[in-house]
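The block underneath contains the structure these notes are about, expressed in structure tokens.
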Amino acid sequence: MPGRAGPVADRGVRASGVAIHVRDSKDQLSPELALSPAAWDDFVSYAVQG
């Protein structure tokens, strides 16, 4: 899964080993939302359903 293997800061998603950190990729100073890996998987599953 993208973001799980390591930092992907330029896309607004990075993994810390415990959480997936998401932020607005157009505003690199914006705060991050930390999601558990399970919550991230649920979000991705929902998002791809379109």
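In this structure, Ile20 and Phe43 have side chains that are not in contact, with every pair of non-hydrogen atoms separated by 4.5 Å or more. Taking 4.5 Å as the limit, some side-chain heavy atom of Leu33 sits within range of a side-chain heavy atom of Leu35.
The minimum heavy-atom distance linking Arg23 with Pro31 is given by the pair CB-O, 3.6 Å.
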